[in-house]
Amino acid sequence: MKNEQIANLFEAIADLLEIKGEVVYKTLSYRRAAESIRALGRDLEDVRQDEGLRTIPGVGKALAAKIEELLDTGQLEFYNNLVEDVPEGLLQVLTLRGVGPKSAARYWKELGVTSLEELEKAAREGRVQTLSGMGARTESALLVSLEEYRRMQSGRLLLSAAEAAANEMLQVVRGIPGVEQAEIAGSLRRRRETIGDLDVVVAAIEPEGVLDAFVNSSLVLKVLAAGGSKASVILSNGVRAQLWAYPPESFGSVLQYATGSQAHNVRLRERAQRQALSLSERGFKTRDGALIPCSEEKQVYERLGLPWIPPELREDRGELDGDVPPLLEDGDLHADLHTHTSWSDGANSIEEMARAAKEAGLQVLAITDHSQSLVVAGGLMPDEWQRQHEEIERIQDKLGDSPRLLHGAEVEILADGRLDFPDDLLEEMDIVVASLHSGFRQEPAMVTSRLLNAIQNPYVDIIGHPTGRLLGRREGVALDMEKVLAAAEERRVALEINAHPERLDLNDAYARRAVEVGCLLAINSDSHHVSGFANLPFGISVARRGWVPRNAVVNAWSKKQLFAWLDRNR
DNA sequence: GCCGTTTTCGGCCCGACTGTTTTCAGTCG
């Protein structure tokens with residue numbers, strides 16, 4: 001059983017235990033363990049054999065035993081018994097906005113509801129409002145939530161889409177009279193790979209007036225909740241958003257609070273408690289009730305004796321325990337080592353791509369069009385690659401040394417593990433990116449061995465988008481990532497963090513693990529268009545979330561260091 | 001169910017908003 005499945009199961013257990021009425025701290029333990037497992041970046045089986053499951057934060061004796069049972073049998077008796085008590089269908093009921101464990105339990109016990117369909121029926125028949133403490137408004141709100149659930153099935157936004165929507169919202173909010181400061185917060189500020197809803201924080205002398213103007217603006221389709229400090233809405237583009245409006249003296253406190261993550265904030269508040277302080281979005285409160293607001297975010301961390309923590313790290317993954325490495329910054333990448341042109345499935349010529357790369361501040365650009373077998377993407381035959389080579393030399397002459405062009409290919413790793421070009425051609429190339437575009441449904445062990453084959457080839461420099469996932473569309477291959485990392489480390493082959501917002505592959509957890517085992521990484525745009533270089537910051541976000549130091553990223557190196565690495569086997 | 005420079009037992013974060021209440025529980029982030 002794989003990490004993701006076990007994490008999901010633990011979350012389902014937490015939900016069911018909450019409906020059952022179990023003490024909330026027990027359910028929190030399951031949730032915390034699930035988060036730790038997601039952040040692991042390696043198989044639980046490996047952790048069990050090496051340092052032991054108990055070394056995972058939030059996994060104690062009981063949860064370790066449950067993980068072992070799942071690893072060994074693929075089953076969990078505890079869970080099987082639990083669903084005898086509490087119907088699994090209630091898990092979906094719990095996802096409705098406005099429905100928590102207490103309400104779900106009452107719908108189930110008092111109305112016999114065990115699924116979304118049954119709940120809808122009960123609400124339509126007016127049975128929900130017969131429950132004590134529930135009225136007609138609760139019932140109609142429930143029907144609205146059910147409607148929302150159907151519409152919003154698609155779920156989370158890609159980072160790029162969320163960023164565009166948030167900037168639009170930010171522009172509107174900054175134009176509201178009385179707004180002194182406005183910033184993006186929430187998971188978008190932490191640069192998670194997908195975003196559920198937007199959070200924007202503003203400083204204003206009169207927060208109520210700002211909130212009022214916002215909810216009445218043309219940007220807002222529907223108001224879900226609105227008070228004197230915050231408003232929760234659906235924007236006209238269908239995206240859910242929250243606006244937090246607080247007085248300027250509390251701006252830092254609320255920005256910190258609204259940025260989260262929740263787990264990170266809990267850690268901070270525990271820390272505040274040890275200093276006899278209580279921490280909230282308004283500031284610190286002393287035991288005698290005096291409020292100490294923070295106008296700047298860094299003051300929140302300062303008072304707790306901490307350095308300011310970059311938002312990308314605020315996930316309760318050890319960021320408060322010690323030194324954080326110096327992270328990659330926008331502008332640290334001097335090279336893009338994986339791009340396409342109209343020679344295969346790109347939209348622009350080599351020259352257009354080169355000029356755009358220079359415009360984007362890059363000193364080195366690798367042209368890596370697809371290889372012959374990827375027919376749908378216009379993969380190049382060997383003789384076409386030779387002709388492209390002449391073309392690249394001509395353009396290099398024309399452009400001078402800026403950017404420096406490298407000529408390579410994104411070579412298919414074929415279904416049997418061979419590469420799609422012969423070695424003597426690969427040897428001629430300045431750079432070789434090897435990638436999978438087919439055979440994703442093979443057994444993970446087979447896909448792993450295909451990658452290992454590619455890594456063993458002396459001319460391969462980078463493994464492109466290693467798992468092949470497409471966010472929201474295709475799961476990545478369940479590779480034996482530890483084997484891949486170990487081989488890549490030994491051969492000094494870099495693994496890609498593909499910066500396309502739909503890929504972001506490797507993800508943050510694998511990137512962090514890669515660095516731990518000494519692997520090199522490359523952050524590439526995989527551009528198919530001159531606009532593609534604008535995606536590089538998304539790759540940098542992944543690296544930052546993965547605690548990746550600058551010196552582990554080959555395209556953040558100097559030209560000299562980069563070329564020496566590329567020449568290592570040539 | 002986890003965890004320990006207060007503790008191996010007894011803690012475990014905080015406030016805004018809503019709907020239904022006559023003072024608060026539930027949900028959310």
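Just so you know, these numbers use all the heavy atoms, side chains as well, and skip hydrogens, waters and symmetry mates. We name chains A, B, ... by the order of the sequence lines, and we start the count at 1 in each one.
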Please list, by residue number, the residues of [range] whose heavy atoms come closer than 4.0 Å to an atom of DNA chain B; answer none if no residue qualifies.
| range | answer |
| --- | --- |
| residues 279-306 of chain A | A/Leu279, A/Ser280, A/Glu281, A/Arg282, A/Lys285 |
| residues 206-219 of chain A | none |
| residues 243-251 of chain A | A/Trp244, A/Tyr246 |
| residues 307-321 of chain A | none |

Side chain [X], main chain [Y], donor-acceptor under 3.5 Å:
| X | Y | result |
| --- | --- | --- |
| A/Glu139 | A/Gln129 | yes |
| A/Glu319 | A/Asp316 | yes |
| A/Ser541 | A/Pro537 | yes |
| A/Glu118 | A/Thr114 | yes |

Taking only the [atom1] atom of each, what is the distance from [N] to [M] in whole angstrom?
| N | M | atom1 | value |
| --- | --- | --- | --- |
| B/dA25 | B/dT20 | C1' | 9 Å |
| B/dT5 | B/dG1 | P | 23 Å |
| B/dC12 | B/dT7 | C1' | 12 Å |
| B/dG4 | B/dT8 | P | 12 Å |
| B/dT21 | B/dC17 | C1' | 15 Å |

Just grab all the salt bridge (charged side-chain N to carboxylate O under 4.0 Å, His left out) pairs involving residues 231-247 of chain A, residues at least two apart or on different chains.
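Output for this query is empty, none listed.
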
Heavy-atom distance under 4.5 Å between the side chains of A/Arg127 and A/Glu110, does that happen here?
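No, side chains not in contact.
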
Side chains of residues 200-210 of chain A: which donor-acceptor partners sit under 3.5 Å, not counting sequence neighbours?
none

Side chain to side chain donor-acceptor pair (under 3.5 Å) pairs, two or more places apart, involving residues 3-19 of chain A
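Listed by first then second residue: A/Glu4-A/Arg38, A/Asn8-A/Arg38, A/Glu11-A/Arg38, A/Asp15-A/Arg31, A/Glu18-A/Arg31.
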
Expected rows: protein N/O vs nucleotides 19-21 of chain B N/O, under 3.5 Å:
| from | atom 1 | to | atom 2 | distance (Å) |
| --- | --- | --- | --- | --- |
| B/dG19 | O3' | A/Thr138 | OG1 | 3.1 |
| B/dT20 | OP1 | A/Gly135 | N | 2.7 |
| B/dT20 | OP1 | A/Gly135 | O | 3.4 |
| B/dT20 | OP1 | A/Thr138 | N | 3.1 |
| B/dT20 | OP1 | A/Thr138 | OG1 | 2.8 |

[Y]/[X] salt bridge by N-O under 4.0 Å criterion:
| X | Y | value |
| --- | --- | --- |
| A/Arg48 | A/Asp43 | no |
| A/Arg513 | A/Glu516 | yes |
| A/Glu296 | A/Lys298 | yes |
| A/Asp505 | A/Arg469 | no |
| A/Lys66 | A/Glu69 | no |
| A/Glu120 | A/Arg124 | yes |

For B/dT27, give the paired nucleotide (Watson-Crick: N1-N3 plus N6-O4 or O6-N4; G-U: N1-O2 and O6-N3; both under 3.5 Å), or none.
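Across any shown strand, B/dT27 pairs with B/dA16.
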
Which pairs would a plain distance check flag for residues 301-312 of chain A, meaning a side-chain donor or acceptor within less than 3.5 Å of a matching protein atom at least two apart in sequence or in another chain?
| from | atom 1 | to | atom 2 | distance (Å) |
| --- | --- | --- | --- | --- |
| A/Tyr301 | OH | A/Gln256 | NE2 | 3.2 |
| A/Tyr301 | OH | A/His264 | NE2 | 2.9 |
| A/Tyr301 | OH | A/Arg314 | NE | 3.2 |
| A/Trp308 | NE1 | A/Glu297 | OE1 | 2.8 |
| A/Glu312 | OE1 | A/Arg544 | NH2 | 3.4 |
| A/Glu312 | OE2 | A/Arg544 | NE | 2.7 |

Determine the contact category for A/Ala226: base if any of its heavy atoms lies under 4.0 Å from a base atom, sugar-phosphate if only primed atoms, P, OP1 or OP2 are that close, otherwise nothing.
sugar-phosphate

By the 4.0 Å heavy-atom rule, please label A/Gly228 as base, sugar-phosphate, or nothing.
sugar-phosphate

Closest heavy-atom contact between A/Val300 and A/Phe284?
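So the two residues come closest at O-CZ, 3.5 Å.
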
Interatomic distance where CZ belongs to A/Arg31 and C1' belongs to B/dC28 [whole Å]
13 Å

Report the distance from atom CG of A/Leu224 to atom C1' of B/dA16, rounded to the nearest whole Å.
15 Å

Would you kindly compare A/Ser278 and A/Arg240 by the position of their nearest DNA chain B nucleotide and give the one closer to the 5′ end?
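Whichever sits nearer the 5' end wins; that is A/Ser278.
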
When rounded to the nearest 0.5 angstrom, what is the spacing between CG in A/Leu76 and CE in A/Met1?
8.5 Å

Would you tabulate the pairs of protein nitrogen or oxygen atoms and nucleotide nitrogen or oxygen atoms of nucleotides 24-27 of chain B closer than 3.5 angstrom?
| from | atom 1 | to | atom 2 | distance (Å) |
| --- | --- | --- | --- | --- |
| B/dT27 | OP1 | A/Gly100 | N | 2.7 |
| B/dT27 | OP1 | A/Gly100 | O | 3.0 |
| B/dT27 | OP1 | A/Ser103 | N | 2.9 |
| B/dT27 | OP1 | A/Ser103 | OG | 2.7 |
| B/dT27 | OP2 | A/Lys102 | N | 3.2 |
| B/dT27 | O5' | A/Gly100 | N | 3.4 |

In this structure, which one of A/Arg192, A/Arg190, A/Gln262 forms a side-chain hydrogen bond (donor to acceptor under 3.5 Å, both in side chains) with A/Glu315?
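Considering A/Arg192, A/Arg190, A/Gln262, a side-chain hydrogen bond (donor to acceptor under 3.5 Å, both in side chains) with A/Glu315 is found only for A/Arg190.
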
Indicate every side-chain donor-acceptor pair of residues 213-221 of chain A with a distance under 3.5 Å to a residue at least two apart or in another chain.
| from | atom 1 | to | atom 2 | distance (Å) |
| --- | --- | --- | --- | --- |
| A/Asn216 | ND2 | A/Asp212 | O | 2.9 |
| A/Ser217 | OG | A/Phe214 | O | 2.8 |
| A/Ser217 | OG | A/Leu219 | N | 3.4 |

Derivation of the side chain to side chain donor-acceptor pair (under 3.5 Å) call for A/Glu88 and A/Tyr79
CA-CA 10 Å; A/Glu88 270 178 305; A/Tyr79 184 77; 2.7 Å; yes

Contact state string [nucleotides 1-12 of chain B, B base, S sugar-phosphate only, - no protein heavy atom under 4.0 Å]:
BSS--------B

Do A/Asn507 and A/Glu193 have a side chain donor and acceptor closer than 3.5 Å?
no

